[in-house]
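Atoms within a ligand are numbered from 1 in the order they appear, just like the ligands themselves. Model, not experiment: these values are computed from the prediction.
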Amino acid sequence: MDGTIAGLPGAVRHIGRVHHIAVVVRDLEAALALYRDALGLEVSTVLPIPQDRVTIAFLPVGDVKIELVAPTDDTTGVAKFLASRGEGFHHVCFEVDDVSAELTRLVIDGIEVIDTAPRPGAEGPVAFLHPRSCHGVLVELIEAPGGPAWQRLYPDGFVAPDAVG
Ligand code: CO
């Protein structure tokens, strides 16, 4: 097992940076009153994602973004999270060069994944790892622009999720 992991290319083991930190909020406008108005962060994106029944906002801070996630109905995992645990930290997202390769390595390593393949996220191909394998933290991976999943998922160029399907 160790030999298998060590035998993979070094790039496969590379975490680029923290891409964003996501916070679940009950009411996006109320949360923007804090993050945008009181703390003075810029809002780069407000994006409804109908298929996930959430609205998100991205607020860049240096090289990282804060992602605010507000459920738009009561049926989603995010809504259930909000109902049971209240507002607060939801997930951390790491940028990697190749989400598929990273998932393969992590599964070999015994990490439980939620997504077995990259899927379209708000800003590119993403996959989630299960909190059970991550010391209670929901971990998202996003592929750096130009990675192999970009070509597969967006053969005609990037499409934001609200424009998909
Ligand atoms: Co995220």
> Yes or no on side-chain contact (heavy atoms from CB on, under 4.5 Å) for Val113 and Phe128, after CA distance, side-chain angles and deciding distance?
Replying inline: CA-CA 6 Å; Val113 299; Phe128 282 87; over 6 Å; no
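- For Phe94 and His19, the gap between ring centers reaches or exceeds 6.0 Å.
- With sequence neighbours excluded, the residues forming a side chain to side chain contact (heavy atoms under 4.5 Å, CB included) with Val43 are Leu32, Arg36, Val46, Leu59, listed by chain and number.
- The one candidate from Leu47, Thr45, Leu28, Leu68 that meets the side chain to side chain contact (heavy atoms under 4.5 Å, CB included) condition with Ile56 is Leu47.
- For the side chain to side chain contact (heavy atoms under 4.5 Å, CB included) test, residues two or more places apart in sequence or in another chain that qualify with Thr76 are Arg53, Pro71, Asp73, Val78, Ala79.
- Every residue two or more places apart in sequence or in another chain that forms a side chain to side chain donor-acceptor pair (under 3.5 Å) with Glu140 is listed here: His20, His91.
- Only protein atoms were considered; those of element N, O or S under 2.8 Å from the Co ion (ligand 1) number 4.
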